[in-house]
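A short write-up of the structure that comes next.
Residues: numbered from 1 along the sequence shown.
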Amino acid sequence: MMKILAISGSLRAKSYNTSLLRAAQSLAEPDTTIIVITVHGIPLYDGDLEQREGIPQSVNDLKARIIASDGLILATPEYNNGIPGVFKNAIDWLSRPAADIPRVFGNRPVAVIGASPGGFGTILAQNGWLPVLRTLGARQWAGGRLLVSRANQVFDEHGAMTDELARKQLLEFVRGFAQFVRSGRVG
């Protein structure tokens, strides 16, 4: 069984990005499990806190979940044409101490998706993640890009994906990323 950890970079209760990941979860093949989580509980990075108290348990728990996964999907909102601070903060914590970077991110298959009520989806935020993931040594999947624009028309008030074209694109994305993850698995 292949495990993909899917992290929503939004803290909103009715997040379009969390809804996007839940839809992806429902479309996964029977041999693939997609586990959806958020970055709730990750404190703001503070080097003094790290030195005084070490890595917070919420960060260590997230690291363990990433390490136990075969692949990682980041669902990014786009705030002010860039990466959301709360999401970048979580990734910054995950890179501490620097010696953990290869264990957490090194050659790990990663895909970036996103949903936004705006007309351009999350193209600028997704572009912003590329150098970050490259720096961390992740194996980025470039075989597909999923930018859900006008998300308020794609999801209903309960977070269910109601747009059939978006569902088809998401299904192709999930299948393609799962194949990418499988192609790099050992054993």
Side-chain angles (χ1 to χ4, degrees), residues 1-10 15-39 62 65-78 82-84 87-88 90-91 94 102 104-151 153-156 159-187:
M1 177 67 74
M2 181 170 48
K3 275 197 318 191
I4 296 174
L5 186 65
I7 305 174
S8 173
S10 175
S15 162
Y16 294 125
N17 286 283
T18 304
S19 294
L20 181 61
L21 292 177
R22 294 212 187 286
Q25 187 178 47
S26 73
L27 296 172
E29 298 287 333
D31 67 340
T32 302
T33 299
I34 296 178
I35 301 158
V36 177
I37 63 171
T38 69
V39 293
L62 182 51
R65 293 184 90 166
I66 292 171
I67 292 166
S69 73
D70 296 302
L72 185 61
I73 298 174
L74 304 180
T76 187
E78 182 170 302
I83 297 172
F87 206 3
K88 178 66 166 62
I91 300 300
L94 291 168
V104 177
F105 294 104
N107 205 36
R108 184 162 315 281
V110 177
V112 182
I113 62 177
S116 169
F120 296 107
T122 58
I123 191 165
L124 295 174
Q126 289 191 37
N127 286 343
W129 280 110
L130 298 176
V132 174
L133 295 171
R134 187 174 339 152
T135 298
L136 295 173
R139 187 164 54 98
Q140 296 171 264
W141 183 51
R145 180 176 233 179
L146 188 63
L147 308 160
V148 178
S149 59
R150 296 179 180 39
Q153 298 170 19
V154 173
F155 299 97
D156 68 16
M161 184 176 268
T162 57
D163 184 280
E164 284 308 312
L165 178 58
R167 181 185 311 286
K168 181 180 179 210
Q169 291 170 334
L170 181 59
L171 175 62
E172 291 171 10
F173 184 92
V174 168
R175 285 181 178 164
F177 183 61
Q179 182 58 40
F180 176 74
V181 173
R182 267 188 215 93
S183 71
R185 286 175 79 186
V186 178

List the atom of [X], the atom of [Y], and the distance in Å for their closest heavy-atom pair.
X	Y	result
Gly119	Ser149	O-CB, 3.4 Å
Gly71	Ser69	O-OG, 3.2 Å
Thr18	Ser15	N-OG, 3.0 Å
Ala90	Val39	CB-CG1, 3.7 Å
Arg134	Gln140	N-OE1, 3.6 Å

For residues [X] and [Y], determine if any side-chain heavy atom of one lies less than 4.5 Å from a side-chain heavy atom of the other.
X	Y	value
Val148	Asp163	no
Trp129	Ile83	yes
Asn127	Ile123	yes
Thr122	Val112	no
Gln25	Ile35	no
Phe180	Arg139	yes
Thr32	Val181	no
Thr76	Gln126	yes

Classify the angle between the aromatic ring planes of Phe177 and Trp141 as parallel (below 30°), tilted (30 to 60°) or perpendicular (above 60°).
->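 Tilted: the ring planes of Phe177 and Trp141 meet at 30° to 60°.
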Measure the spacing between [atom1] of [X] and [atom2] of [Y] and express it to the nearest 0.5 Å.
X	Y	atom1	atom2	result
Ser116	Leu124	OG	CG	10.0 Å
Asp70	Lys3	CG	NZ	7.5 Å
Arg65	Ile37	CZ	CD1	5.0 Å
Leu72	Arg108	CG	CZ	7.5 Å
Phe87	Ser10	CZ	OG	10.0 Å
Leu21	Ile113	CG	CD1	5.0 Å

Test Ile4 against every option in Ile34, Val36, Val174 by the side chain to side chain contact (heavy atoms under 4.5 Å, CB included) rule and name the one that passes.
->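 Going through Ile34, Val36, Val174 one by one, the side chain to side chain contact (heavy atoms under 4.5 Å, CB included) with Ile4 is satisfied by Ile34 alone.
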Apply side-chain contact (heavy atoms from CB on, under 4.5 Å) to Leu136 and Ile91, showing your working.
-> CA-CA 10 Å; Leu136 295 173; Ile91 300 300; 3.6 Å; yes
Any chance you could lay out the salt bridge (Lys or Arg N to Asp or Glu O under 4.0 Å) test for Arg167 and Glu164, step after step, and finish with the verdict?
-> CA-CA 5 Å; Arg167 181 185 311 286; Glu164 284 308 312; 3.4 Å; yes
Check: Thr162 side chain, Val154 main-chain N or O, donor-acceptor pair, under 3.5 Å =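 Judged by distance alone, yes, a pair lies under 3.5 Å.
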What's the verdict on side-chain contact (heavy atoms from CB on, under 4.5 Å) for Met161 and Leu27, showing C-alpha distance, side-chain angles and the deciding distance?
-> CA-CA 11 Å; Met161 184 176 268; Leu27 296 172; 5.6 Å; no
